[in-house]
Amino acid sequence: MENTNKFIEFIITKKCTYNCSYCSKVHPQLCRFDEASIEVIDGFYRFLDNLEHDFEISITGGEAILHSHFFEIIEQVKKRGFKVNLFTNLSFKIETYQKIFDLLGDNLNRFDVGFHINQIQNFNLMLEKLEIFLKNKPKNTKTDFFIPLLDVDAKKENKIDKIVRVAKRNSINCRFQEIHSLVKFKKEYSDKYPSSKFKVKSFAKFCFAGCESAVIYEDGSMYRCHSSRFLKSNYLGNVCDNSAKLINNAVVCSNICCSCYKHQAYNQLCVEKDEKESYKNLFFDMINLPKMIIKNKQLFVVKIKQFFNF
């Protein structure tokens, strides 16, 4: 999901209508509960009450629509004057999406769609639903297509081509995602479907994550970004006890690589372009690397051992 300058992502559930083997959102280390409780949701509302209105609110999952209080949540976000970003695999009846369109109207900033080819049972029905979805969504609501590429063969390639044609007719961006960890991706498919490569070196560089963006998990805990969720130094509190607070300024990144294109494209002050280090990047590295080593000694030792294959 493409981000703006400022956004908060609230992961309200790990439930999903699909069971993708490559899904990172439902990892047991990240999701200790099936969905955000009433206590967490109320804490989230209190957090929003103290948040500037130039932030956009992304309600995600899993499949966020499966949360038992999904419609109440997006309605409350709208009532507080925020733009809403959503993401779906389009597995629900079109009436469900129409209800969302009617409820949010112009407050629905983005509604992106993920196409998991291996999981779609009736592809032709999905295409029919997609056409209605695009026709009925609010005029100013932006949409991107996300297509994970896993075990592509001629049959699946034909389905992908049909989705791409729909995207071109509607001036929609398609973002292809190679699943390298599970399959050796064929070069001919890599050439035909250029994948979005989000990882960049980020360690010791300044980033606005935690200042102009943050992620709230279904247990109420808030972190600077998805990439930083295992480091205590990136923990920003919990909405349940009102301890969740954004930081005031950009701080140096403690991740070796940034896997989130949102931060790479918008939040990181010094992004590497064409894999070439700029003098500005080098300067920031020299200044901030010692700070990061001191602040995250354990992480630094682990990465050094990995580098030298100890």
Side-chain angles (χ1 to χ4, degrees), residues 1-17 25 35-38 40-114 129-130 132-146 170 172-173 175 209 212-218 220 222 225-226 239 244 246 260-263 265-267:
M1 191 179 294
E2 187 179 1
N3 88 303
T4 60
N5 290 331
K6 294 185 177 182
F7 74 98
I8 300 294
E9 180 177 357
F10 184 22
I11 303 173
I12 62 175
T13 182
K14 69 178 181 180
K15 297 177 183 177
C16 188
T17 52
K25 292 291 186 70
E35 65 177 30
S37 65
I38 293 297
V40 171
I41 294 170
D42 287 343
F44 174 66
Y45 294 155
R46 293 193 299 272
F47 176 80
L48 291 185
D49 289 337
N50 295 299
L51 189 67
E52 297 175 1
H53 283 87
D54 55 349
F55 278 83
E56 292 176 4
I57 308 301
S58 298
I59 304 297
T60 67
E63 182 59 64
I65 297 173
L66 287 175
H67 193 286
S68 53
H69 295 278
F70 169 76
F71 287 99
E72 174 196 322
I73 293 171
I74 62 174
E75 183 177 19
Q76 288 297 324
V77 173
K78 176 186 175 181
K79 283 185 177 180
R80 285 166 169 78
F82 293 96
K83 295 287 187 178
V84 179
N85 298 326
L86 298 174
F87 193 97
T88 184
N89 58 28
L90 211 63
S91 60
F92 297 89
K93 293 181 179 180
I94 195 62
E95 289 79 9
T96 299
Y97 298 109
Q98 188 62 58
K99 183 177 179 181
I100 295 171
F101 299 155
D102 295 340
L103 179 61
L104 292 178
D106 291 338
N107 280 72
L108 182 56
N109 179 63
R110 296 199 65 87
F111 207 155
D112 294 326
V113 182
K129 193 189 316 181
L130 177 60
I132 300 173
F133 176 93
L134 296 175
K135 179 181 178 181
N136 292 356
K137 71 183 180 72
K139 182 179 179 180
N140 294 323
T141 298
K142 297 178 285 292
T143 296
D144 277 358
F145 290 170
F146 290 79
N170 292 275
I172 290 173
N173 291 325
R175 301 182 184 274
E212 296 188 350
S213 65
V215 181
I216 300 174
Y217 287 89
E218 81 291 336
M222 187 165 80
C225 67
H226 288 291
V239 295
L246 294 171
C260 181
Y261 71 91
K262 303 172 189 175
H263 303 146
Y266 293 92
N267 289 357

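All values reported here derive from a predicted model rather than from experimental measurement.
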*Applying side-chain contact (heavy atoms from CB on, under 4.5 Å) between L134 and each of T141, V113, I172, report the one that passes.*
I172
*Is N85 close to F87 at the side-chain level, that is, under 4.5 Å between some pair of heavy atoms?*
no
*Not counting sequence neighbours, which residues clear side-chain contact (heavy atoms from CB on, under 4.5 Å) with T17? List them please.*
L66, N89, S91, F92
*Smallest separation among heavy atoms of S58 and F7, with atom names*: OG-CD1, 4.5 Å
*R80: what forms a side chain to side chain donor-acceptor pair (under 3.5 Å) with it, not counting sequence neighbours?*
D49, Q76
*Rounded to the nearest 0.5 Å, what separation is found between the NE2 atom of H69 and the CD1 atom of I41?*
5.5 Å
*Not counting sequence neighbours, which residues clear side chain to side chain donor-acceptor pair (under 3.5 Å) with N50? List them please.*
none
*Determine, step by step, whether E63 and T88 satisfy the side-chain hydrogen bond (donor to acceptor under 3.5 Å, both in side chains) criterion, reporting the C-alpha distance in whole Å, the side-chain angles of both residues, the deciding distance to 0.1 Å, and the verdict.*
CA-CA 6 Å; E63 182 59 64; T88 184; 3.3 Å; yes
*Hey, does Y45 have a side-chain heavy atom less than 4.5 Å from the side chain of I73?*
yes
*Is any side-chain heavy atom of I216 less than 4.5 Å from a side-chain heavy atom of F47?*
yes
*Any residue meeting side-chain contact (heavy atoms from CB on, under 4.5 Å) with I94, in chain and number order, not counting sequence neighbours*: Y97, K129, I132, F133
*asked:* Within the structure provided, determine whether F10 and M222 are in side-chain contact (heavy-atom separation under 4.5 Å).
replied: no
_Nearest-0.5 Å distance that lies between atom CZ in F82 and atom CD1 in I8_ = 9.0 Å
*Passes side-chain hydrogen bond (donor to acceptor under 3.5 Å, both in side chains), E218 versus H67? Steps please.*
CA-CA 11 Å; E218 81 291 336; H67 193 286; over 6 Å; no
*How about I65 and L86: do any of their side-chain heavy atoms sit closer than 4.5 Å?*
no
_Gap separating the CG atom of N136 from the CG atom of D102, nearest 0.5 angstrom_ = 9.0 Å
*Rounded to the nearest 0.5 Å, what's the gap from CG on L130 to CG on N170? Could you check?*
7.5 Å
*Looking only at heavy atoms, which two atoms of F101 and P138 are closest? And how far apart?*
CD2-CD, 3.6 Å
*Tell me whether the guanidinium CZ or amine NZ of K99 lies under 6.0 angstrom from the six-membered ring centre of F71 and within 45° of its axis.*
yes
*Using the test side-chain contact (heavy atoms from CB on, under 4.5 Å), find all partners of N107 that sit at least two apart in sequence or belong to another chain.*
K78
*So, do F70 and T13 sit near enough that their side-chain heavy atoms are less than 4.5 Å apart?*
no
*Would you give the length of the straight line joining atom CD1 of I74 to atom CD1 of I12, rounded to the nearest 0.5 angstrom?*
9.0 Å
*Would you please name every residue forming a salt bridge (Lys or Arg N to Asp or Glu O under 4.0 Å) with E52, sequence neighbours left out?*
K6
_Atom pair CG (L108) and NZ (K139), whose distance is rounded to the nearest 0.5 Å_ = 15.5 Å
*Among N109, N173, D112, whose side-chain hydrogen bond (donor to acceptor under 3.5 Å, both in side chains) with K142 holds?*
N109
_Closest non-hydrogen atom pair between K83 and D106, with its separation_ = NZ-O, 2.8 Å
